[in-house]
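Below is one structure, written out as structure tokens, with a few remarks after it.
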Amino acid sequence: MTELLEATGIMLPAREDMAPGAVLLRGRALVLEADILSALASVTAAAPFRHMTTPGGYVMSAAMTNCGAAGWVTDRTGYRYAAVDPETGQPWPAMPESFRRLANEAAADAGYAGFMPDSCLINRYLPGARLSLHQDKDERDFTQPIVSVSLGLPATFQFGGRRRADPVARYPLRHGDIAVWGGPSRLFHHGVLAIKEGGHARLGRQRINLTFRAAL
DNA sequence: TAGTAGCG
DNA sequence: TCTG
């Protein structure tokens, strides 16, 4: 089944399977776009983007912040979820209702009813920024899926397998697309290739990704 | 290995 | 693009 996406004029499947339990929902975030973008501005004003350092000592090219009860952070000590923003010592901003709703409904569309995220990691990619192949494995309950919302500049998503050496497929991600993975693919490796130079009508020269998780 | 560098 |  395909449908015409008006913004691009390109014929794309509305729904694309990446792996068992993993699906791409094309344009799924556009229904709540205005609410999401205004909530995003509020969150990032309260908890500004910052470049975190990995345990290996490298500064990540994507800038990050969080909202919700728990925020994903990394420093030389390791990866973890933290209740407070290490930059301010204050709790992360509350997860906006529009965020929670979008994640819950997208998860349900993908076959994961009842998803209740307590964490939203917000990544900002300027052209050149990337995220190398990794697993999301810092959460407590791997029965809960991951919901990843793409906004702004397009990106190439890499989706591999349980082992890092497993073959990796590539999927173009555009503004409004939502990737959901869980079940058999919950711990599959994934990443984002370097963002190409460009500009987006509403978000400008950046890609924003919202990653929703049940972390606690 | 949520990273970069370097080779062919 | 691949290896590591």
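So that the names make sense, note that chain A is the first sequence line, chain B the second, and so on, each numbered from 1. Bear in mind that the values here come from a model prediction, so they are computed numbers and not experimental data. Below, all heavy atoms of this structure are taken into account, side chains as well, without hydrogens, waters or symmetry copies.
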Measure OH/Y58(A) against C1'/dA5(B) and give the value in whole Å, please. 8 Å

T54(A) vs dG3(B): side-chain N/O to OP1/OP2 distance below 4.0 Å: no

What is the distance from CG of L133(A) to C1' of dT4(B), rounded to the nearest Å? 15 Å

Rounded to whole Å, CE of M64(A) lies from C1' of dG3(B) at a distance of 12 Å

If pairs are Watson-Crick or G-U with both distances under 3.5 Å, what is the dot-bracket string of DNA chain B, marking crossing pairs with [ ] and pairs to another strand with |? ....||..

Centroid-centroid distance, W181(A) to F157(A), less than 6.0 Å: yes

Taking atom C1' in both dA5(B) and dT1(B), compute the distance separating them and give it to the nearest angstrom. 14 Å

The single option from D136(A), D138(A), N66(A) passing side chain to side chain donor-acceptor pair (under 3.5 Å) against W72(A): D138(A)

Expressed in angstrom and rounded to an integer, what is the separation of M60(A) atom CE from dT1(B) atom P? 13 Å

Under 4.0 Å between any heavy atoms, over every strand shown, what does R130(A) touch: base, sugar-phosphate, or nothing? Just pick one. base

Closest to side chain of R170(A), choosing from dT1(C), dT4(B), dG3(B): dT1(C)

Examine dG4(C): is either OP1 or OP2 under 4.0 Å from a nitrogen or oxygen in the side chain of R164(A)? Give yes or no. no

When the distance from CD of Q158(A) to P of dG3(B) is rounded to whole Å, what number comes out? 12 Å

Residues passing the side chain to side chain contact (heavy atoms under 4.5 Å, CB included) test with S150(A), sequence neighbours excluded, are L173(A), R207(A), N209(A)

Step by step, would you call N123(A) with V192(A) a side-chain contact (heavy atoms from CB on, under 4.5 Å)? CA-CA 11 Å; N123(A) 287 174; V192(A) 178; over 6 Å; no

In plain terms, say whether R101(A) and E105(A) are close enough for a salt bridge, that is, a side-chain N and a carboxylate O under 4.0 Å apart. yes

If I take atom CZ in residue R162(A) and atom P in nucleotide dT1(B), what distance separates them, rounded to the nearest angstrom? 18 Å

Over all strands shown, is N209(A) touching base, sugar-phosphate only, or nothing at heavy-atom distances under 4.0 angstrom? nothing

What is the minimum heavy-atom distance between R130(A) and L193(A), and which atoms define it? CB-C, 4.0 Å

Salt-bridged, R28(A) to D177(A), with N to O below 4.0 Å? no

Tell me the interatomic distance from L187(A), atom CG, to dT1(B), atom C1', rounded to whole angstroms. 16 Å

dT1(B) P sits how many Å from R76(A) CZ, rounded? 14 Å

